[in-house]
Amino acid sequence: MSKLRFRVVESAFKKKAVEVVPPTERPSEYFAKYVFNKEKMFKYLPSKVYAQLIDAIDNGAPLDRSIANEIAAGMKKWATEMGATHYTHWFAPLTEGTAEKHDAFIEHDGKGGVMEEFSGKLLVQQEPDASSFPNGGIRNTFEARGYSAWDPSSPAFIVDDTLCIPTIFISYTGESLDYKAPLLKALRSVDKAATDVCKLFNPEVKKVVSYLGWEQEYFLIDEGLYAARPDLLLTGRTLMGHDSAKNQQLEDHYFGSIPTRVAAFMRELEIEALKLGIPVKTRHNEVAPNQFELAPIFEECNLANDHNLLIMSVMRKVSRRHGFRVLLHEKPFKGVNGSGKHNNWSLGTDTGVLLMAPGKTPEDNLRFVTFVVNTLMAVYRFNGLLKASISSATNAHRLGANEAPPAIISCFLGKQLTQVLGHIEDSTTDDLVSLSGKQGMKLDIPQIPELLIDNTDRNRTSPFAFTGNRFEFRAVGSSANCASAMIALNAAVADQLIEFKKDVDALIEKGEPKISAILDVIRRYIKICKPIHFDGNGYSDEWKEEAAKRGLDCETSVPVIFDNYLKPESIAMFENTGVMTKVELEARNEVKWETYTKKIQIEARVLGDLAMNHIVPVATEYQTNLVNNVYKMQEIFGKEKAAEMGAQNIKLIEEIASHTNFIKEHVDSMIQARKVANKIEDEREKAIAYHDTIAPSLDEIRYHIDKLELIVDNQMWTLPKYRELLFIR
Ligand code: ADP
Ligand code: MG
């Protein structure tokens with residue numbers, strides 16, 4: 001082992017778990033300690049102000065700016081009592097993660113001193129000097145102003161000494177430059193459309209909430225090993241590294257016992273999360289070595305999404321206290337499982353009904369079928385768009401690789417739900433027809449009795465699966481902002497529900513009874529959206545062929561997948577639901593293409609550098625040792641005998657030469673290809689060039705590096721190997 005590699009491996013081996021002292025209070029007592037939630041609002045705000053704010057939060061009532069000062073004062077009082085000295089507008093620009101700029105709670109007092117100050121104006125709106133956030137050309141440099149504006153529906157919280165105020169981020173001209181603004185619009189539109197449809201079943205329903213329960217997968221790696229891998233450090237994934245002889249074949253990691261250093265990390269992470277009001281509940285090992293998962297109880301979508309963004313940053317911080325680095329990249333290691341972030345999604349009413357769950361009464365079940373079928377229709381109509389919403393340069397390594405959902409969106413329904421839909425489709429009357437299945441499931445139309453949908457009926461290969469009372473969008477990447485997927489899904493479902501309501505109303509106007517009208521439309525939809533329904537093995541090659549025949553989007557090139565956002569039907573859908581305008585969609589695509597290009601560009605540079613200044617020199621040095629050996633053998637034994645005795649070394653010398661030559665040539669041609677691509681002005685064309693001409697060479701070069709790793713003397717190899725990265729903690 002090279003000296004450096006030896007040192008980091010040894011130190012990682014020796015590390016002990018950090019002791020985590022749990023708070024003396026019970027979790028229910030410290031839960032949301034650092035959150036300005038309703039309880040604290042009640043305590044710190046005048047009662048009239050409190051009532052108005054709650055109305056704004058719960059019912060989306062417009063918030064009167066005149067009370068902003070009082071809210072700010074209450075918030076500041078609480079925050080300073082908690083030890084906060086600074087505040088920040090906390091938002092999610094179109095990069096990964098969140099942005100914040102901290103300001104102290106101080107202002108000049110006009111007498112040469114300072115006083116603590118935080119006005120309503122500062123709470124409600126700020127103008128971050130933000131010309132360097134991605135904006136896709138909406139904001140040119142001389143109109144660099146953007147606004148961040150307070151989102152009262154997600155409570156402010158304290159991290160370290162800073163009060164963080166969740167905000168949206170929009171341009172001077174009103175276009176959204178973040179994920180939150182369109183997400184809030186999508187949630188509003190699905191609320192409205194779903195409420196209208198709910199009223200067909202229950203006129204009491206006033207509001208429909210979209211829920212999100214994310215499951216965050218991640219890898220942990222010792223920070224010493226991490227620091228010795230420039231590729232991990234700079235790109236978030238290993239660009240080289242031969243498979244470890246043992247990785248996940250034995251399937252001994254999934255749900256296995258959690259290593260003590262990791263358990264300590266998880267304990268502290270959970271305490272921190274609970275204090276921030278994030279209701280974390282589940283933790284376990286994942287399939288790959290060093291891979292884990294964390295999941296909270298589901299929450300309202302906007303809040304759940306903020307909590308996911310927050311937990312990703314808390315994970316980064318806490319992992320460092322334990323001598324780890326957390327890897328959120330979708331595919332940090334080749335040959336073992338990648339990381340996703342399943343988005344469990346459902347809709348629920350203010351009357352307490354989960355709309356994707358079967359109920360006890362016939363009408364409940366008709367409502368259930370209505371929402372399920374409309375979701376299928378939305379996913380069918382916008383399958384390409386939904387794929388675009390989860391596509392990125394990093395998630396591309398996971399999708400389509402054979403342990404992850406394929407790069408085709410389809411829906412898994414399971415046996416029972418499939419039977420239910422089949423039954424409705426075939427029934428010609430609205431009379432009682434019963435269908436018995438396992439567990440005595442019966443389906444009568446329209447009097448549909450209790451349905452027991454078996455949610456253990458799972459298919460892990462499906463990118464979008466029905467799981468009992470919700471759909472699970474599994475194709476979302478582990479590093480992604482879930483909002484991207486949630487914007488597309490909620491908007492598409494909203495658009496579809498609007499269509500449905502129109503179709504039903506048209507039949508009712510013609511004199512058809514309500515139930516019969518609903519069933520007629522559903523029957524028609526079930527037939528139309530059949531191509532999206534697939535319960536088989538999504539990883540198989542047959543499915544790729546079949547999906548193409550069915551007309552589903554099978555494109556695998558990420559820059560081309562992004563085109564889905566600009567298809568006329570997508571633009572119409574986003575405009576119809578008021579979620580995004582064409583200008584916004586175009587600008588955001590510019591950002592997506594540019595980001596794609598930059599990611600591949602960075603990887604190509606890092607790989608080129610490492611290949612030429614780590615790999616080739618070490619391989620050449622080893623080759624020189626072999627050459628010396630061959631020469632010396634000749635001196636001692638004479639040419640003929642030495643050739644015989646040293647045959648394997650001569651072969652190795654040749655092998656090394658052939659790999660290093662390939663690497664050198666391909667690094668050179670990759671640089672040439674980058675020069676050509678960099679001249680392309682159009683962001684889409686440039687991203688396509690990077691996808692087509694540069695990304696493939698990364699794999700080709702890697703292949704030869706990994707071969708060298710197998711033959712070069714282990715003592716000389718400088719970079720920690722997979723067997724060290726994945727198994728030492
Ligand atoms: P898995 O078996 O896929 O790991 P879990 O039972 O751990 O699933 O649940 C995963 C996530 O689904 C959790 O965040 C949970 O709160 C969430 N979830 C459960 N029911 C719903 C629902 N109706 N809507 C949205 N999310 C839900
Ligand atoms: Mg899941």
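Whatever order the structure lists ligands and atoms in, that order sets their numbers, starting from 1. Atom set for the values below is all heavy atoms of this structure, side chains included, hydrogens, waters and symmetry mates excluded.
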| said: Can you tell me if Glu215 contacts ligand 1 (heavy atom of the residue under 4.0 Å from the ligand)? | reply: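 True for this residue.
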| ligand 1 contact by Met356, heavy-atom criterion under 4.0 angstrom |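 The answer is no, since Met356 has no heavy atom less than 4.0 Å from ligand 1.
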| said: Among residues at least two apart in sequence or on other chains, which ones pass salt bridge (Lys or Arg N to Asp or Glu O under 4.0 Å) with Asp553? | reply: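 Here the qualifying residues are Lys387.
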| request: Flag Leu212 as yes when one of its N or O atoms lies below 3.5 Å from any N or O atom of ligand 1, and as no otherwise. | output: no
| query | With only distance considered, is Tyr211 within less than 3.5 Å of ligand 1 through an N or O on each side? | reply | no
| Flag if over 12 foreign heavy atoms under 6.0 Å of NZ, Lys207 | yes
| remark: Candidates Ser346, Pro296, Gly468; heavy atom nearest atom 14 (O) of ligand 1 found on Pro296
| remark: Contact region, Glu472 to ligand 1, non-hydrogen atoms below 4.0 Å, reads side chain
| query | At under 4.0 Å between heavy atoms, which part of Leu354 makes contact with ligand 1: side chain, backbone, both or neither? | reply | side chain
| task | May I ask you to list the atoms of ligand 1 that are less than 4.0 angstrom from any heavy atom of Asn469? | result |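 So the atoms of ligand 1 that pass are 20 (N), 23 (N).
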| message | Under a 4.0 angstrom heavy-atom cut-off, which atoms of ligand 1 come close to Ile297? | response |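 By the 4.0 Å cutoff, the relevant atoms are 16 (O).
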| query | Just by distance, do the side chain of Asn290 and the backbone of Leu220 share a donor-acceptor pair under 3.5 Å? | reply | yes
| field | Where at least one partner belongs to residues 467-490, residue pairs that pass ring pair (Phe, Tyr, Trp, His ring centres under 6.0 Å), sequence neighbours excluded | value | Phe464-Phe471, Phe464-Phe473, Phe466-Phe471
| How far apart are the C-alpha atoms of Asn305 and His307, what are their side-chain angles, what is the distance that settles it, and do they pass the side chain to side chain donor-acceptor pair (under 3.5 Å) test? | CA-CA 5 Å; Asn305 192 48; His307 280 166; over 6 Å; no
| Looking at Tyr211 versus Trp345, is the centre-to-centre ring distance below 6.0 Å? |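 Not close enough - the centres of the two rings lie 6.0 Å or further apart.
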| request: Quick one: do Asp151 and Thr167 satisfy side chain to side chain donor-acceptor pair (under 3.5 Å)? Show the steps, please. | output: CA-CA 5 Å; Asp151 166 22; Thr167 54; over 6 Å; no
